[in-house]
Amino acid sequence: MNDLLERLSDVLESRKEADPGSSYVAGLYSKGLDAILKKIGEEATETVMAAKDGVPEKIVHEVADLWFHTLVLLAQQGLGPGDVLAELDRRFGLSGLEEKAGRKS
Ligand SMILES: N=c1c2ncn([C@@H]3O[C@H](COP(=O)(O)OP(=O)(O)OP(=O)(O)O)[C@@H](O)[C@H]3O)c2ncn1[C@@H]1O[C@H](COP(=O)(O)O)[C@@H](O)[C@H]1O
């Protein structure tokens, strides 16, 4: 797995034991799943707006926020970036059209 993703994933795991007052991530965990999902919705919307503005730095900033909050979601659900990378690896080289045709539903 990408080293940064692994290190960030370890930090997110460690924040499960942290004081919500001293850590943004611990604060999000303490607010629960809906608060994490709300942040993902906001960051996805901000990503769309940044892309419409067409400013590369803004797009990178918002996508980083979006990725970060999806990593928080994965950690909260007992998953990690390795699970997503494994799925992307499984799909690698398989055309999106083939993948769709191979789906059961
Ligand atoms: N990569 C990030 C990261 N990216 C974005 N954010 C935070 O995500 C929030 C993004 O929300 P918004 O853009 O809506 O800004 P905001 O208005 O400040 O947010 P809200 O108060 O509305 O939630 C900001 O508070 C950012 O600081 C992050 N917070 C933490 N990390 C990583 O997570 C680690 C642990 O963080 P703590 O738990 O805070 O120690 C850090 O060392 C970093 O590596």
Side-chain angles (χ1 to χ4, degrees):
M1 199 201 321
N2 176 287
D3 183 52
L4 175 61
L5 287 180
E6 199 163 353
R7 284 186 290 133
L8 185 50
S9 177
D10 288 346
V11 172
L12 298 184
E13 204 52 42
S14 75
R15 292 303 192 258
K16 290 180 179 174
E17 312 301 325
D19 170 12
S22 68
S23 152
Y24 174 74
V25 175
L28 264 185
Y29 288 147
S30 74
K31 288 179 197 157
L33 178 62
D34 283 359
I36 298 170
L37 298 178
K38 185 165 176 276
K39 287 306 296 181
I40 291 176
E42 286 171 15
E43 302 306 349
T45 302
E46 285 167 18
T47 297
V48 170
M49 283 161 33
K52 294 296 277 182
D53 287 346
V55 180
E57 294 78 11
K58 274 197 196 171
I59 296 171
V60 169
H61 181 98
E62 297 305 343
V63 170
D65 277 353
L66 180 58
W67 283 16
F68 170 71
H69 285 89
T70 59
L71 289 171
V72 174
L73 172 67
L74 289 171
Q76 197 262 1
Q77 294 287 307
L79 297 164
D83 296 297
V84 178
L85 291 175
E87 175 63 13
L88 288 174
D89 189 47
R90 187 190 67 77
R91 295 178 190 178
F92 190 79
L94 179 67
S95 147
L97 295 177
E98 283 173 46
E99 190 275 334
K100 192 168 182 177
R103 263 189 246 155
K104 293 202 173 68
S105 57

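Start at 1 with the first residue, then count along the sequence. First listed ligand is number 1; within each ligand, the first listed atom is number 1. Given the structure is predicted, the values throughout are model-derived calculations rather than measurements.
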* Asked: Are the charged groups of Asp34 and Lys38 less than 4.0 angstrom apart, N to O?
  -> no
[atom1]/[X] to [atom2]/[Y] distance, rounded to the nearest 0.5 angstrom?
{"X": "Thr47", "Y": "Ile40", "atom1": "OG1", "atom2": "CD1", "value": "11.0 Å"}
{"X": "Leu73", "Y": "Leu12", "atom1": "CG", "atom2": "CG", "value": "11.0 Å"}
{"X": "Leu28", "Y": "Gln76", "atom1": "CG", "atom2": "CD", "value": "9.5 Å"}
{"X": "Asp65", "Y": "Lys39", "atom1": "CG", "atom2": "NZ", "value": "7.5 Å"}

Output the list of atoms in ligand 1 that are nearer than 4.0 Å to some heavy atom of [X], sorted by atom number.
{"X": "Val11", "result": "34 (C), 35 (C)"}
{"X": "Leu8", "result": "32 (C), 33 (O), 44 (O)"}
{"X": "Glu43", "result": "10 (C), 11 (O), 12 (P), 13 (O), 14 (O)"}
{"X": "Asp65", "result": "4 (N), 5 (C), 13 (O)"}

Output yes when a protein non-hydrogen atom is found under 4.0 Å of [atom], and no otherwise.
{"atom": "atom 14 (O) of ligand 1", "answer": "yes"}
{"atom": "atom 41 (C) of ligand 1", "answer": "no"}
{"atom": "atom 27 (O) of ligand 1", "answer": "no"}
{"atom": "atom 17 (O) of ligand 1", "answer": "no"}

* Assess whether atom CG of Leu88 is packed by more than 12 heavy atoms of other residues, nucleotides or ligands within 6.0 Å. => yes
* Glu87, CD: over 12 other non-hydrogen atoms inside 6.0 angstrom -> yes
Counting non-hydrogen protein atoms only, what is the nearest one to [atom]? Give residue, atom name and distance.
{"atom": "atom 36 (O) of ligand 1", "value": "Val25 CG2, 3.9 Å"}
{"atom": "atom 1 (N) of ligand 1", "value": "Phe68 CD1, 3.3 Å"}
{"atom": "atom 39 (O) of ligand 1", "value": "Tyr24 N, 2.9 Å"}

* To do: Using heavy-atom distances, let me know which of Lys38, Lys39, Arg15 sits nearest atom 19 (O) of ligand 1.
  => Lys39
* Could you pull out, from Ala64, Ser23, Ala35, the option with a heavy atom nearest to atom 38 (O) of ligand 1? => Ser23
* Structure fact -> What one should report as the nearest heavy-atom pair of Pro56 and Gly54 is CD-O, 3.4 Å
* Apply the side chain to side chain contact (heavy atoms under 4.5 Å, CB included) test between Pro81 and each candidate in Leu5, Leu8, Thr70; give the one that qualifies. => Leu5
